[in-house]
Student: 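Sharing a structure below in structure tokens format, with a few things to ask.
As the structure is a prediction and not an experimental result, all values here were calculated from the model. Reminder, nothing fancy here: chain letters follow the sequence lines and each chain counts from 1.
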2 protein chains.
Amino acid sequence: MQNLKPSSKMFLDIVGELRLMIKAEGINIGDKLPSERVLAERLQVGRSTVREALRSLELLGLIETRRGEGTFLGDFKKHQLVEVLSTFIMQQPKSAMDVNETRIIHEKAAIESICKDIHKQNLPVWEGLIMKLQEDGTVLREDIVREMIIASDNRLSLKIWFLLKQYSKVPYEKMTEEKEAGIVKDLLGHIIEGRVFEALAAYDRWIEDIEGEE
Amino acid sequence: MQNLKPSSKMFLDIVGELRLMIKAEGINIGDKLPSERVLAERLQVGRSTVREALRSLELLGLIETRRGEGTFLGDFKKHQLVEVLSTFIMQQPKSAMDVNETRIIHEKAAIESICKDIHKQNLPVWEGLIMKLQEDGTVLREDIVREMIIASDNRLSLKIWFLLKQYSKVPYEKMTEEKEAGIVKDLLGHIIEGRVFEALAAYDRWIEDIEGEE
DNA sequence: TAACAGGAGTGGTCAGACCACTTTTTGAAC
DNA sequence: GTTCAAAAAGTGGTCTGACCACTCCTGTTA
């Protein structure tokens with residue numbers, strides 16, 4: 001295991017060595033990795049070098065570290081990578097329009113996904129939202145959309161959407177008002193029935209209505 | 001700048017601080033960042049902690065370090081990091097599926113965007129691709145899809161797609177073959193004419209064909 | 001003027017020392 | 001023997017100081 005070439009990026013070599021070690025020793029998700037001190041000893045490098053490699057993997061969500069306990073192989077479900085990258089991307093081109101468009105892309109994709117899956121249409125949450133709208137017409141826009149993305153059952157898409165929402169200028173925190181409530185009820189109704197074209201059309205009207213506010 | 005909360009992950013805070021610093025000081029791609037020693041001084045942390053944050057960002061390709069010269073804001077084009085990642089990640093069925101689905105979401109959205117904008121349809125790149133397919137039938141899948149996303153004129157979507165592509169198991173680097181070339185030519189033809197439904201249908205056939213390979 | 005030598009600056013790595021926290025072991029009281 | 005609290009061991013988190021290798025700039029020299 002000590003065939004480390006002196007390539008100019010030692011910590012990258014360590015990353016590779018760790019990968020091999022994980023494979024060779026059959027370490028599974030959630031299992032504990034050797035401690036930093038042991039790794040340093042085994043790989044014949046300093047502990048700080050090992051830590052640089054581990055910290056990189058942690059930022060990627062590939063491992064999880066708990067002080068006092070140890071380092072564990074990650075569950076890969078947290079796409080932290082996307083968050084970090086996006087926050088970096090967001091500041092440079094500062095193209096608010098792109099953010100908005102991309103957010104809408106994910107929202108529409110969620111609607112499509114629901115309309116094409118009978119199980120997602122039959123979720124009780126839709127009836128609940130309609131009921132609430134009927135009663136007092138005050139439901140957070142954010143709640144409605146979030147439920148749709150959640151229902152689409154794509155965690156990565158949800159992560160991205162959540163991130164975009166924070167950078168978006170759309171007033172997600174506002175309550176729906178009378179006219180808007182009608183549109184949303186249409187949208188939910190179409191979703192329940194799986195009418196994809198009508199649902200998307202209703203969604204378009206909604207967006208138009210919201211953006212017309214400003 | 002020293003308002004660091006003692007959250008349990010100092011190096012993550014540093015990453016955040018760096019992001020703010022880059023924005024505040026208007027550091028652009030290729031520009032030099034302050035040296036590790038200066039950063040440590042400014043942020044009132046040890047140099048090793050700064051290095052852990054920098055190494056993480058380096059693995060992501062967000063920064064580039066050159067011994068003896070300094071640390072520079074990355075150009076996002078280097079993606080050697082992901083070779084390592086893909087070998088780590090691609091065993092998890094559900095998250096791999098999410099990555100795939102999300103990638104397809106962005107690809108379809110690009111197609112829709114192009115089909116709804118006459119200017120995007122009239123780009124010379126489409127004719128060029130068709131020509132190339134006609135000649136020898138060897139065009140990289142990646143090139144075709146990338147051109148579509150670029151044409152959609154949403155930089156954020158492009159960034160996300162690029163990221164997902166690297167995680168994706170789809171053999172993007174492969175050449176298109178005979179049967180596939182026919183489908184792609186259909187797709188491009190529909191795009192040029194702005195026939196959104198037909199284009200999306202052709203795209204679906206393409207995906208099906210690719211995934212059927214395995 | 002051109003070439004060279006040296007110094008300053010920078011990232012790369014290591015070793016050792018604490019700290020904070022968790023888990024395990026120990027040992028005394030019951 | 002059981003219980004439980006204290007001590008010890010193990011682990012990640014951070015800092016410091018040191019040295020190396022490399023790059024760039026600068027001043028001296030031929």
Student: Mind calculating the distance between CG (B/Leu39) and C1' (C/dG9) to the nearest angstrom?
Tutor: 14 Å

Student: I'd like to check the side-chain contact (heavy atoms from CB on, under 4.5 Å) partners of B/Asp204; sequence neighbours left out, ordered by chain and number.
Tutor: B/Lys108

Student: Can a donor-acceptor pair be found between the side chains of A/Lys120 and A/Ser152 at a distance below 3.5 Å?
Tutor: no

Student: Rounded to whole Å, please give me the gap between CD1 in A/Ile63 and P in D/dG12.
Tutor: 10 Å

Student: For the pair made of CD in A/Gln44 and P in C/dT13, what is the distance, rounded to whole Å?
Tutor: 15 Å

Student: If you check every side-chain atom of B/Glu36, which of C/dG11, D/dG12, D/dT14 has the closest atom?
Tutor: C/dG11

Student: If you only use heavy atoms from C-beta on, which nucleotide in D/dG12, D/dC15, C/dT10 is closest to the side chain of A/Ser35?
Tutor: D/dG12

Student: Could you tell me whether A/Arg51 contacts a base, only the sugar-phosphate backbone, or nothing, with contacts defined as non-hydrogen atoms closer than 4.0 Å?
Tutor: base

Student: If you assign A/Glu52 and B/Gly70 each to the DNA chain C nucleotide with the nearest heavy atom, which residue ends up on the more 5' nucleotide?
Tutor: B/Gly70

Student: Please step through side-chain contact (heavy atoms from CB on, under 4.5 Å) for the pair B/Met21 and B/Leu39, ending with a clear verdict.
Tutor: CA-CA 10 Å; B/Met21 182 180 298; B/Leu39 285 174; 3.7 Å; yes

Student: With the sugar-phosphate defined as primed atoms, P, OP1 and OP2, and the base as all remaining atoms, what B/S/- string results for nucleotides 16-23 of chain C, 5' to 3', for protein heavy atoms under 4.0 Å?
Tutor: -BB-SBBS

Student: Compare the minimum distances between each of D/dT11, C/dG12, D/dG13 and the side chain of B/Arg55, then state the nucleotide with the smallest one.
Tutor: C/dG12

Student: What is the distance from CG of B/Leu33 to P of C/dG9, rounded to the nearest Å?
Tutor: 19 Å

Student: Measure the CG-CD1 distance between A/Leu187 and A/Ile191 for me, rounded to the nearest 0.5 Å.
Tutor: 4.5 Å

Student: What distance separates B/His106 NE2 from B/Ile104 CD1, expressed to the nearest 0.5 Å?
Tutor: 11.5 Å

Student: Are A/Glu69 and A/Lys32 close enough that some pair of their side-chain heavy atoms sits under 4.5 Å apart?
Tutor: no

Student: Please check the phosphate of D/dG13 (OP1 and OP2 only) for any side-chain N or O of B/Thr49 closer than 4.0 Å.
Tutor: no

Student: May I ask you to check if B/Arg66 and B/Phe72 form a cation-pi contact, with NZ or CZ under 6.0 angstrom from the six-membered ring centre and within 45° of the axis?
Tutor: yes

Student: Can you tell me the distance, in whole Å, between the CD atom of B/Glu41 and the P atom of C/dT10?
Tutor: 13 Å

Student: I would like to know whether A/Ile111 and A/Ile114 meet side-chain contact (heavy atoms from CB on, under 4.5 Å); could you show each step before the answer?
Tutor: CA-CA 5 Å; A/Ile111 292 175; A/Ile114 297 168; 5.6 Å; no

Student: Describe the nucleic acid contact of A/Ser48 in one word from base, sugar-phosphate, nothing, applying a heavy-atom distance below 4.0 Å.
Tutor: base

Student: Considering just the side-chain nitrogens and oxygens of B/Thr71, establish if one lies under 4.0 Å of OP1 or OP2 belonging to C/dG11.
Tutor: yes

Student: Does the side-chain hydrogen bond (donor to acceptor under 3.5 Å, both in side chains) test come out yes or no for A/Asn154 and B/Thr102, once each step is laid out?
Tutor: CA-CA 8 Å; A/Asn154 181 330; B/Thr102 308; 3.0 Å; yes

Student: Is there any protein nitrogen or oxygen under 3.5 Å from a nitrogen or oxygen in nucleotides 3-8 of chain C, and what are the pairs?
Tutor:
none

